[in-house]
*Asks:* 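Could you have a look at this structure, given as structure tokens, before my questions?
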2 protein chains.
Amino acid sequence: MKKRTLIHDIAKHLEVSIATVSLVLNGKAKEHRISDALATRVLKYVEEVGYKPNQLAKSLRTGKTHVIGLLVEDIANPFFATVAGLIERHALARGYHILYCSTENDTAKAKDLIAMLQDRHIDGYIIAPPAGVEKEIEALLRNGIPTVLFDRYLPSVPTDYIVVDGEAGAYEAACHLLDQGLKHVAFLTTESDQTQMAARLGGYARAMQAHGQPLTVQRIPLAFEGDKEHSVVAIGQFLEDNPTCEAIIFANNSLTVYGLEAIARLKRRIPQDVAVISFDDNDLFRLHSPPITAVAQPVEALAETLINVLLDGLDTTRLTPPDRQQIVLPLSLVVRGSSVR
Amino acid sequence: MKKRTLIHDIAKHLEVSIATVSLVLNGKAKEHRISDALATRVLKYVEEVGYKPNQLAKSLRTGKTHVIGLLVEDIANPFFATVAGLIERHALARGYHILYCSTENDTAKAKDLIAMLQDRHIDGYIIAPPAGVEKEIEALLRNGIPTVLFDRYLPSVPTDYIVVDGEAGAYEAACHLLDQGLKHVAFLTTESDQTQMAARLGGYARAMQAHGQPLTVQRIPLAFEGDKEHSVVAIGQFLEDNPTCEAIIFANNSLTVYGLEAIARLKRRIPQDVAVISFDDNDLFRLHSPPITAVAQPVEALAETLINVLLDGLDTTRLTPPDRQQIVLPLSLVVRGSSVR
DNA sequence: GTGAAAGCGCTAACAT
DNA sequence: ATGTTAGCGCTTTCAC
């Protein structure tokens with residue numbers, strides 16, 4: 001257990017004061033009129049012995065941790081995992097690390113998590129909030145902690161957020177089916193009424209109404225641990241109860257996976273017996289037989305915008321507070337075989 | 001920006017000393033013979049005002065951050081994302097948070113990452129190491145920082161690790177194909193010679209030799225960002241160069257996805273033209289047409305073992321240092337349609 | 001230009 | 001039994 005070099009050791013060795021070393025290290029040499037020669041000497045020695053300041057001490061002193069808290073529904077979900085990967089890349093490039101937490105869309109768990117992260121004095125938050133955490137988000141904002149929501153937002157809380165235009169995406173998806181003459185188009189969604197799910201449902205409803213068709217909406221219970229079978233069975237049941245259903249729009253990627261399983265078990269053919277469109281794309285949808293039509297999220301743009309908006313809020317050098325950023329990114333319908341008769 | 005309550009405020013309000021509050025909060029009331037009545041009074045008031053100690057200050061003082069660093073190849077890869085999700089659940093239950101980093105299997109990046117995490121005084125590490133980080137891992141160990149490797153290990157460094165029996169898994173996979181009378185079985189792997197890839201290759205080779213068949217091994221370049229096309233093309237090229245190839249074992253999940261794409265483009269039929277087995281399973285492999293046979297990783301056991309071994313190392317109350325844990329978990333071949341003639 | 005010193009909020013050894 | 005106090009390692013103001 002070799003002892004780490006401290007700033008004290010550096011100062012002693014160079015026979016200068018601790019303050020000088022610190023100032024040089026933090027790029028404040030110029031403004032404190034420290035000679036270039038000395039600054040270089042310090043930098044050189046620091047490099048030589050590989051001195052690295054203790055971030056804990058630094059954070060305690062400055063109040064900045066350079067850590068971003070990422071709260072997603074489930075890090076194992078391909079959509080969130082992809083976003084996490086992209087965010088990490090951008091964050092790291094700008095000197096931030098990421099602490100992730102999966103909320104499982106559970107209000108109580110999310111509240112706990114936010115409380116724990118606050119104790120750690122995280123610099124900022126990127127959150128896909130479950131319902132019911134308005135108070136906590138407001139508290140974060142009130143405390144001046146930059147927070148950006150994504151995927152869904154909380155209508156009653158004026159925060160920055162980056163979401164996608166699920167209404168338009170679902171509308172386009174439904175029209176794509178209806179325009180082919182399919183009539184009985186069903187919308188399978190979760191039990192959540194969060195904004196993203198409501199928007200998708202709304203887009204579907206608008207399309208159906210525009211085409212003079214009645215709605216068929218079924219909510220499927222979705223479990224995070226283990227019990228996937230339950231969801232598959234529920235979708236199977238729906239299929240059996242609705243033999244005239246010609247097409248299904250699955251409101252998220254998990255539902256699509258369970259749905260494909262249910263459809264396969266019942267030996268229904270896609271798209272002949274039932275056409276399928278998935279919200280959220282997946283690498284393997286392209287390779288499915290038939291390939292699955294998907295409403296694809298602009299994950300790269302989403303991740304990049306998220307980190308930019310957050311770091312903008314974190315930028316303490318700015319004079320005016322940044323404007324509220326409430327950004328709605330466009331979705332794209334990737335038409336593949338599963339939705340074409 | 002409301003001011004947080006400090007331990008000082010608690011002490012003042014209760015007219016006791018800071019030390020008393022701290023001791024009670026850290027469960028050391030008994031051993032310092034603080035009266036139950038006082039302890040309860042402190043706890044009650046702390047609860048009442050919702051006081052939470054500043055973890056930064058606590059960490060600086062105690063040297064413990066209760067943060068675990070998780071270094072994976074790519075958090076967006078389903079295998080690593082799944083492991084990350086499971087690890088998180090266990091870690092959280094035991095009071096640890098997780099800082100994740102994607103190494104992209106890049107040596108330099110991994111070194112940087114380890115250095116950065118060390119500055120943060122992370123309590124322990126769970127690492128899927130790229131090649132060439134022996135020095136850094138040794139340094140971690142020398143500094144007494146619990147570190148557990150997984151998925152692959154570094155033969156020259158005596159660490160704890162949890163891996164899977166890739167040799168046996170690949171042997172079983174190859175035999176499954178050979179026993180059906182398939183002869184020209186190819187093994188598509190990455191350019192990496194890390195232990196997990198070497199083991200898989202070794203198992204394949206042993207099976208081929210046991211069946212008196214020559215080896216067909218092709219290494220496919222694998223990119224992390226963007227350039228997936230390159231890998232798909234390389235696999236396509238392999239297929240065209242080896243028209244007699246009757247079966248392929250893909251050495252990891254990314255290769256399988258690219259491989260399926262390449263096979264589809266060339267309109268080869270699975271398993272009639274070419275049988276397929278994937279290392280690493282995926283939810284969607286079951287739903288593929290035909291369903292893809294996979295060598296499945298015991299992800300739950302892996303995650304649980306990882307966290308247990310790590311937290312065991314973190315347990316400072318133990319008298320003897322824990323034994324080296326070098327655990328090899330069994331893999332299971334999930335036979336599906338893609339590998340059965 | 002440079003250095004001394006006051007904390008950031010907490011823990012725990014030591015004193016009482 | 002409870003209180004006092006010296007740090008953990010760093011940043012930054014202010015005096016020289």
Side-chain angles (χ1 to χ4, degrees), chain A residues 1 3-43 46 49-66 118-123 316-317, chain B residues 1-43 45-46 49-66 118-123 316-317:
Chain A
M1 179 99 80
K3 227 172 63 241
R4 278 181 78 90
T5 309
L6 304 182
I7 193 167
H8 176 98
D9 304 327
I10 304 286
K12 192 146 78 181
H13 178 94
L14 294 174
E15 296 181 310
V16 298
S17 90
I18 288 184
T20 306
V21 179
S22 174
L23 257 13
V24 169
L25 251 29
N26 291 293
K28 308 212 167 141
K30 280 273 172 292
E31 85 195 52
H32 279 255
R33 287 175 273 188
I34 288 169
S35 70
D36 277 6
L38 179 52
T40 320
R41 202 155 66 88
V42 171
L43 257 13
V46 162
V49 299
Y51 165 72
K52 296 285 187 63
N54 177 331
Q55 294 299 322
L56 283 171
K58 193 165 180 166
S59 295
L60 178 59
R61 187 60 241 243
T62 62
K64 301 263 139 258
T65 51
H66 275 242
Q118 277 200 272
D119 300 339
R120 290 194 181 281
H121 289 235
I122 297 288
D123 285 353
T316 50
T317 65
Chain B
M1 180 99 81
K2 76 169 175 234
K3 230 177 55 247
R4 279 180 76 92
T5 309
L6 304 182
I7 194 167
H8 176 93
D9 305 328
I10 303 286
K12 192 146 77 180
H13 178 94
L14 294 175
E15 296 182 307
V16 297
S17 90
I18 288 183
T20 306
V21 178
S22 174
L23 258 11
V24 170
L25 251 29
N26 291 294
K28 308 208 168 144
K30 281 271 173 294
E31 94 195 44
H32 279 257
R33 286 174 276 187
I34 287 169
S35 70
D36 278 5
L38 180 53
T40 319
R41 201 155 66 89
V42 171
L43 258 12
Y45 183 66
V46 162
V49 299
Y51 165 71
K52 296 285 187 62
N54 177 331
Q55 294 300 322
L56 283 171
K58 193 165 180 166
S59 295
L60 177 59
R61 187 60 241 240
T62 61
K64 301 263 139 259
T65 52
H66 275 246
Q118 277 199 272
D119 300 339
R120 290 194 182 282
H121 289 236
I122 297 287
D123 284 353
T316 51
T317 64

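Just so it is clear, the values below take in all heavy atoms, side chains as well, and ignore hydrogens, waters and symmetry mates.
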*Asks:* With a 4.5 Å limit on heavy-atom distance, are the side chains of B:K58 and B:N26 in contact?
*Replies:* yes

*Asks:* Is the side chain of A:S59 donor-acceptor paired with the backbone N or O of A:Q55 at a distance under 3.5 Å, no angle test?
*Replies:* yes

*Asks:* Whole-Å distance between D:dT4 P and B:E15 CD?
*Replies:* 13 Å

*Asks:* How would you summarise protein contacts on nucleotides 9-16 of chain D per nucleotide, using B for base, S for sugar-phosphate only and - for none, with heavy-atom distances below 4.0 Å?
*Replies:* BBBBB---

*Asks:* For the residue pair B:K30 and B:D36, establish whether any side-chain heavy-atom pair is separated by less than 4.5 Å.
*Replies:* yes

*Asks:* Looking at B:L56 and A:H121, what are the two nearest heavy atoms and their distance?
*Replies:* CD1-CB, 3.6 Å

*Asks:* Quick one: are A:V16 and A:R41 in side-chain contact, heavy atoms under 4.5 Å?
*Replies:* yes

*Asks:* Would you mind reporting whether A:L60 and B:N54 have side-chain heavy atoms less than 4.5 Å apart?
*Replies:* yes

*Asks:* How long is the line joining CZ of B:R41 and C1' of D:dA1, in whole Å?
*Replies:* 14 Å

*Asks:* At their closest point, which heavy atom of A:R120 faces which heavy atom of A:T65, and how far apart are they?
*Replies:* O-CG2, 3.6 Å

*Asks:* Taking Watson-Crick and G-U wobble pairs with both distances under 3.5 Å, convert DNA chain D into its dot-bracket string, 5' to 3', dots for unpaired and | for cross-strand pairs.
*Replies:* ||||||||||||||||

*Asks:* Calculate the interatomic distance between B:I34 atom CD1 and C:dT11 atom P; express it in whole Å.
*Replies:* 13 Å

*Asks:* How long is the line joining CD1 of B:I10 and C1' of D:dG3, in whole Å?
*Replies:* 17 Å

*Asks:* Are B:L25 and B:Y51 side-chain neighbours, meaning at least one heavy-atom pair lies under 4.5 Å?
*Replies:* yes

